Amino acid sequence: MEPCGTLILLNFNGGLELLCRSTKVHHVDVELKPGADGLIMKDLLCWIRTNLIKERPEMFMKGDSVRPGVLVLVNDCDWELSGNLDTRLEEKDEVVFISTLHGG
Amino acid sequence: MEPCGTLILLNFNGGLELLCRSTKVHHVDVELKPGADGLIMKDLLCWIRTNLIKERPEMFMKGDSVRPGVLVLVNDCDWELSGNLDTRLEEKDEVVFISTLHGG
Amino acid sequence: PTASVCGLTPEMIHRYSRHLLLPSFGVDGQLNLSKASILVVGAGGLGSPIAMYLAACGVGCLGIVDGDNVELNNLHRQIIHTEAYVGEPKVKSAAATCHAINSTVRVVEHREALLASNALDIMSQYDVIVDATDNLPSRYMISDCCVVLNKPLVSGAALGLEGQLTVYHYNGGPCYRCLFPTPPPATACQRCSDSGVLGVVPGIIGCLQALEAIKVASSIGKPLSGRMLLFDALSGHIRIVKLRGRSLNCDVCGENSMFTRETFQSFDYENFTQSPFFPSSNEGLQL
Amino acid sequence: PTASVCGLTPEMIHRYSRHLLLPSFGVDGQLNLSKASILVVGAGGLGSPIAMYLAACGVGCLGIVDGDNVELNNLHRQIIHTEAYVGEPKVKSAAATCHAINSTVRVVEHREALLASNALDIMSQYDVIVDATDNLPSRYMISDCCVVLNKPLVSGAALGLEGQLTVYHYNGGPCYRCLFPTPPPATACQRCSDSGVLGVVPGIIGCLQALEAIKVASSIGKPLSGRMLLFDALSGHIRIVKLRGRSLNCDVCGENSMFTRETFQSFDYENFTQSPFFPSSNEGLQL
Ligand SMILES: [Zn+2]
Ligand SMILES: [Zn+2]
């Protein structure tokens, strides 16, 4: 079967995996919006909210971005370095969502 | 300047860096042999022996391979999994040479 | 005895001989360490290996600040404490262990909780600060105080089977607020006492914090500034990721920051984070 | 008290409450640990945090084998020992520290060097073996003995500012000889006593070894078998690499191996590696 979208490797950590049936690693195929010329982080967050987050979406998102205290890494780089919500994603990119820990 | 060969990232660890002026990371441009259709590990070892190892080559090589006790990793995989001396290298591959440690 | 041995006593040469043999550490590294003072905030799961390795390696002055007493259910991970000290102040117990390992290190006991009211006074006495606390308001408070005092901060955290580590406000790198300008919702904050932690996980992160503190204090190597280590014990994955730089708009370390010592001292960290400095009294475990 | 609490005493429920709260560890993980026996070979830089965290976490029986005495120049990294034990057997000192942390763990003192002549006898008493030694012949000997006895081996090493970690002979994975069928030339072998080691580096590797031993003994997570962790303290790089699988031609664990208990007991590891079990008497440091 031909992939109908962009293959992305998702990784939820620091407790965020509890929002996705306690599974940390997800290989997902994200369909492009009609007319879009590529996938950006903003689209991916919408897709995750609709398709992956099973409970308490407010623990993952706030407005159209992630909630405070969540670091987003695209290919092991802070998404602030690549454009935040506008970061362009390519086939086989890895996106990590990690909740900051405070325990000790 | 156009590269005239294959760009490889070399990493010497576990004491092997002492054989290359105590420098662990080397970005090198390895020329292909005339008529060769690609670079393999066997060629790279020859090239390293000629161009990088400044002293005690017997601490790095034995015959046409590495000496016992040295692990060779191509893109973070043991070279035994990719064909040992016949492993094909591509542009921007990373090759790690690491001497096994025994201290504690 | 050559000039480069200056400052090292014969006992130091003997005790630290394995450090002195290291070309990239050597006499200079040891001398730098012996002149450095490091404050460990928290004598718990992270603080245990941090304080023990800093004492063992010969840092000049080691401060430990904590207001808690040792409890039996700390001992599965807080290896600096022994059963004999259950009920005693953690700082007293930790200092005794450090002294037994290395009596040549000056260990200063701060037997009180670090709060905005005493942090400036305590932290200003040290060159490097290590955050080994277990709660969100302390993390903001310690980072803010490090910016105000211009001290490097080695920050670690562990929960469940995961750990995180980075160095803040070092060499132009970001502070905690650059990364997390807004605190998370209170419901997102978990503590070891609520959610559990595998004892050796803070052990691993604490040792890595001790290493970063040693690197900063002795000026060797490349500290983990602008990078963060993420550790997952279950899968055995470790990744080191690249973080954003210092934010020019940061409320605390930014270019137009109005955050002064006075702001700091009157800042209400519990209100800011909607989260308490101290967990409610330990409830019994419900199985 | 439900059926799942069976086997955990009220004191255990209190002491290990932070473990029991972990969904992926919980009561089963703690019960598995409490029934497991683990042998730590070497009470030095690696063995210090290994033994302390294994005692703290509640392993059922902890064996420690070492024939050396504590020396002052061990204390910069061997945090299980205190100044008061300088000159005493390391095993006695280590056992005392473990007992002080957790008196409910059975600690067995093997106050002798592990050699081919006593290894079968000692190692056969344990479920999991942890190699925390500092020399090449011991590493071959312990791996061979693990294959002969069919025990998993958690192996760590540290030198200078680098460390390495893997699990051998576990779940069909390779043994030490699969990776290193031929010993390196004797001139390539360095020890901490010759080349130095930054004290906290074996601390980090030792904590990671304790974690792997806990994972194997409690059957949780994915142990580091067929993978190796490589740590570089100076640059702060950690990578986990994929290793070859078990070699069918391995002299010891291979399909046609003739390596038996008898072969093992008469095998001359010092001659094989051209390297001694014990370093020559400690020479003074020449600066
Ligand atoms: Zn800032
Ligand atoms: Zn084998």
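We name chains A, B, ... by the order of the sequence lines, and we start the count at 1 in each one. As the structure is a prediction and not an experimental result, all values here were calculated from the model.
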May I ask you to check whether over 12 heavy atoms, not counting those of D/Glu112, lie within 6.0 Å of atom CD?
yes
Atom OG of D/Ser247 and atom CD of B/Glu80: how far apart are they, to the nearest 0.5 Å?
8.0 Å
Nearest non-hydrogen partners of B/Pro68 and D/Pro183, listed with the distance
CB-O, 3.4 Å
Going through the distances and angles, do B/Leu73 and D/Leu230 end up as a side-chain contact (heavy atoms from CB on, under 4.5 Å)?
CA-CA 11 Å; B/Leu73 307 160; D/Leu230 307 173; 3.7 Å; yes
Using non-hydrogen atoms only, which part of D/Tyr176 is less than 4.5 Å away from chain B: side chain, backbone, both, or neither?
side chain
Check each atom of B/Leu16 against the heavy atoms of chain D and say whether the ones under 4.5 Å are side chain, backbone, both or neither.
neither
Side-chain contact, heavy-atom cut-off 4.5 Å: B/Arg67 with D/Pro185?
yes
Sort out for me which residue in B/Asp76, B/Asp78, B/Leu81 forms a side-chain contact (heavy atoms from CB on, under 4.5 Å) with D/Lys242.
B/Leu81
If you take all heavy atoms of D/Arg77 and B/Gly104, which pair is closest and at what distance?
NE-O, 3.9 Å
Side-chain touch D/Leu243/B/Leu71, heavy atoms, less than 4.5 angstrom:
yes
With B/Asn13, which of D/Gln164, D/Glu162, D/His237 fulfils side-chain contact (heavy atoms from CB on, under 4.5 Å)?
D/Glu162
Heavy-atom distances under 4.5 Å only: say whether D/Thr133 touches chain B with side chain, backbone, both or neither.
backbone
Report which part of D/Leu161 has an atom under 4.5 Å of a heavy atom belonging to chain B: side chain, backbone, both, or neither.
neither
Below 4.5 Å, heavy atoms only, C-beta onward: do B/Asn11 and D/Arg239 meet side chain to side chain?
yes
So which heavy atom on D/Leu159 is nearest to which on B/Gly103, and how close?
CD1-CA, 4.4 Å
Which distance, rounded to the nearest 0.5 Å, do you find between the CG of D/Leu179 and the OG1 of B/Thr100?
8.0 Å
Is chain B contacted by the side chain of D/Asp232, its backbone, both, or neither, given a heavy-atom distance below 4.5 Å?
side chain
